[in-house]
Amino acid sequence: MPDVNSLVNEFLIKLKKRKIEGSKATAKLTAELLRSFISQKRLPHTNQAGALIDAVKAVGEELINANPVELAVGNIVRRVLHIIREEDLSLTTAAVGGLSLSAESDNEDDVDQGDHPALSAAAVAAAARSTLRPPSLQTLLEDMPHSAAVPQTSSSGGDSEGKSKSADKNLMTRKLKHNVIEAVNELIQDISTCHELIAEQAVEHIHQNEVILTLGSSRTVTEFLCAAKEKKRSFRVFVAEGAPRYQGHALAKELAARGLQTTVITDSAVFAMISRVNMVIVGAHAVMANGGVIAPVGLNMVALAAQRHAVPFVVLAGVHKLCPLYPHNPEVLLNELKSPSELLDFGEFSDCLDFGCGSGSPLLHVVNPAFDYVPPNLVSLFITDTGGHNPSYMYRLLTDYYSPDDLVVRRRSTS
Amino acid sequence: MDARRVPRTVTDPKVRQVGFFAPVAPLDGSPSGPLRPTTPSPPVSGNSLSPVMIPLPRHLSSDNAPLSPLNAGGGDSFLPVGSYNPSEFSSPTATEDFSEDNFSKDTGWILNDNSGKIATSLTPGGADKAAVKQNTHSASGLTPGITDGGPPTEVQKEQAPVSSMPLKEKTTKAERRALQEAQRAAKASATAGGSKKSVAASAVVTSANANPKKVAKAPPQKKDSSSVAASEKRAGDRQTDKDRKKDVPHPRMQFDDEDRVEKAKKRSVVKQTEARNRVELFRHLPQYEHGTRLADLESKFFQLDPVHPAVYKVGLRFLSGDISGGNARCIAMLQAFQESIKDYSTRLEKTLIEKWDLPAKINGYVSFLIECRPLSISMGNAIRFLKTQIAELPLTMSESEAKASLLSDINRFINEKIILADKVIVRHAVTKIRDGDVLLTYGSSSVVEMIFLCAHELGKQFQVVIVDSRPKHEGKMLLRRLVGKGVSCTYTHINAISYIMHEVTRVFLGASSVLSNGTVYSRVGTASVAMVAHQFHVPVLVCCEAYKFHKRVQLDSICFNELGDPDAIARVSGKEDINYLDDWTSSENLQLLNLTYDATPSDYTSMIITEYGMIPPTSVPVIVQEYGGEHLWI
């Protein structure tokens, strides 16, 4: 196994050079990196969770800084931190209340977990809130009806824990690491299968004879549309090509090959065509806590046109794209300017680019942003792997996946 | 705009009072038209028409101050409403002619107003038109009665046709019928009472005076004259109703109507093969193969007898995309028509009556051009203008005169409606540019470019953002020209519009046409730009010459549009690796749609800058109505 530091460095360089494209790939790679990092991390005997969290935070900070625009990195780091906290919590609660566990409840949870891994995580989160956090209004409210359920759910994190109830401290050490790695594996699994879960919902949203518009290309959107097609829904798709990368061409070709009536239009024709469109379905780069979307460039225009014509604007996003941060000036701060060569050939205007060097500023600027920010009021619906959600619900959904202590990923000043 | 219209509305009542009695008589000694209304029947007044034509133009126009801000100042496009009469356009020779025409026109107009019946509920334009209609009518009826009075030299040319026509005894069926109808109409108007009489009389006066050319129009346009005659029997108001109905634009050719498409195909010169993967939503628009047409047409060069070489050349250049942009295409077309008119000859006969097939020829050229590329609305307007001019030529005019007149008409159209109009627009628009502005434009509009260059020359400090889009990348050319002139530019693509709009203070857009519901019909993508600008509260200024305005209305970009070459979408210039769509025609599920225009809703437009001033989009129908009527070209 290669040295973990070199792995980290390699990944950092890739991020800095923007070699990794797409939030999904980034998320997966980040999770895998953190998994190997955790597995190689030697933990002290005391306060293991704290040490592990600090270590992960240190790496995570570096990763995030390498490409602050790729929010998926931060999301995954926070998810892993959250996992560590939860595992730790479940171990401690198990140690405290483990004796009261019954075998049946354990089994139930096993089944549960197989079906809805995300749900069990939510349950764990609820448990974590009820036990560790100082009482807030929310925890008070939640505690009342669920007080009976707490001990039951608390065991869910460690499914194998019941078998090692009598284990000693040493075992506990390995246990935490093992559980965390298990959970991270699950996370990776989630990321790679999220589009299947999203695509399953396609039939509920796409109707016969509908006209759907999308811009650019996204794996999730492709799967979503194809899933609906496989369920014998026949509908038409307008694909805007998505300058400057024109991924729409590839999408259109794939859709046509799968038997969908596909029409490629230019990005400029979106407004013209949207009056005949029933639904806009697009992918996202990241979803912010306020329900705003960081999306491939051009989507704000599409969203505005859709709003003008009262066409539902549906965003498909895997859970790994949910970012627990609130955006401030996202058009600029969470954006990235790409190379002008995507718009102009270097040779074409090379004489103009340094035309005004005397005055210090060139006469010609080329702006080629990578992302657009779509404010939450333009989004009709988010479809994630846990179902459809309103933009206004996003902040709440996040609490299931992230712990509030991790929102700012930064090493403690002492360490 | 307002400033110019105010005097008119104010003077209207005045005119009404003064005009009836003798607006013209005191102005110069000549026995002038308005005195005639007392004569009971038009034919009689017709006899004594010749003196009416003598008025000294200068005096009249200057004395008639309230009426003639109407004074035709040559190519001044600030002309107020009243001067936009057709006769002015048809007499190309000298400014004196204009003012004379103006004058006589004005008198006609005054009298119309007097008559009250017609004018009360009408817009000025409508009344004017009504007068013209009557003119054509009674004049045609009159001609036989006219004795060859010795008209003064200046008017002789115009007088000649009128007098010579009866001599020729040219009583075709149409003419006889027109004559009959005119007499009937005259009788009707005689019985209609005093006020009505005056109408007829005034019509006679003006028509014989300024618009003898209208005579020419009556016989060939059988339908026209008969319908007018019929309606004239009714009240004056009705007539204009009818008039308006006729003004409703014809429905366009729908290409999903198979019968008509078949018919059109038989007539067409260019071989057009249907595109393979047609877009279902746009069945009603022509979708033809683009690749083959140019080569096909080139090979046919020597077989295309009916098409003049100049027109042919322009057609080819339209087809290849060599000439694009509303103004450039319109000018190129008009110049080609000029060439063809120059070379046109009626073969044997000396006067136009004998064998005047120029309109038919022009129609042939137009349909050829349509086959090359669908006409823009501005070109449609220009063609309509040309046809009106041709129709208004007196039949007895000699061929060379007619040709000279048409050529100068076309020249004037190009100069006044396009070139001068652009200058005026630039003058208006530059006042909207302040130091430190960031101006955004989309695509490449010739007027907008002129505005930027003018502002730059004036030393204003501003930045230009050029937004471009596939597949034409017209913005690159604009960028090159502006940067070459030293204007500081930012270039981006249309998807980044929301990003760049934060910094923009004004949006300048060109337009292919402005429709009368305020919709701006322009290069596809304009609507998106305007929408985003609207969202960011950035003012959107649309610069458009008034000759591009059109009566049509449109709500979306689908009912009418133009489809470009779909292959242009499949190829991404400069990017060889994006080749997914290379063999797109092989998949029957895949269509490429290359829209050329889109319709920007009027609420996204803050202001439309025309040569008549800066107007809100709600005022477009006013401009169309007052300045754009068929008979009211400058």
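Values in this document were obtained by computation on a predicted structure and should not be read as measured data. Note on naming: letters A, B, ... go to the chains in the order of the sequence lines (proteins, then strands), and numbering restarts at 1 for each one.
- For L343(A), the parts lying under 4.5 angstrom from a heavy atom of chain B are both the backbone and the side chain.
- Only the side chain of L337(A) comes within less than 4.5 Å of a heavy atom in chain B; its backbone stays farther off.
- Only the side chain of D372(A) comes within contact range of chain B, with heavy atoms under 4.5 Å apart.
- When the heavy atoms of residues 238-259 of chain A are compared with those of chain B, the residues falling under 4.5 Å are F238(A), E241(A), G242(A), A243(A), P244(A), R245(A), Y246(A), H249(A), A250(A), A252(A), K253(A), A256(A), G259(A), listed by number.
- The contact list for residues 586-595 of chain B toward chain A, using heavy atoms and a distance under 4.5 Å, reads S587(B), E588(B), N589(B), L590(B), Q591(B), L592(B), L593(B), L595(B) by residue number.
- If you measure heavy-atom distances from I500(B) to chain A, the contacts under 4.5 Å come from the side chain alone.
- Only the side chain of S469(B) comes within contact range of chain A, with at least one heavy atom under 4.5 Å from a heavy atom of that chain.
- Looking at H502(B), the atoms closer than 4.5 Å to chain A (heavy atoms on both sides) all sit in the side chain, from C-beta outward.
- At a 4.5 Å heavy-atom cutoff, the contact between D583(B) and chain A is made by side-chain atoms alone.
- Using a 4.5 Å cut-off between heavy atoms, V524(B) touches chain A through backbone and side chain atoms alike.
- Taking chain B as the reference chain and counting heavy-atom pairs below 4.5 Å, the highest number among V237(A), L344(A), L299(A) is found for L344(A).
- At a 4.5 Å heavy-atom cutoff, the contact between A599(B) and chain A is made by backbone atoms alone.
- Looking at L215(A), the atoms closer than 4.5 Å to chain B (heavy atoms on both sides) all sit in the side chain, from C-beta outward.
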Item to complete: Take H365(A) and Y491(B) through the test side chain to side chain contact (heavy atoms under 4.5 Å, CB included) and record every step on the way to the result.
Response: CA-CA 6 Å; H365(A) 297 264; Y491(B) 179 83; over 6 Å; no

Worksheet item: R470(B) and D267(A): side chain to side chain contact (heavy atoms under 4.5 Å, CB included), yes or no, with the steps?
Response: CA-CA 8 Å; R470(B) 286 240 309 146; D267(A) 302 321; over 6 Å; no

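- Only the backbone of V487(B) comes within less than 4.5 Å of a heavy atom of chain A; no side-chain atom from C-beta onward does.
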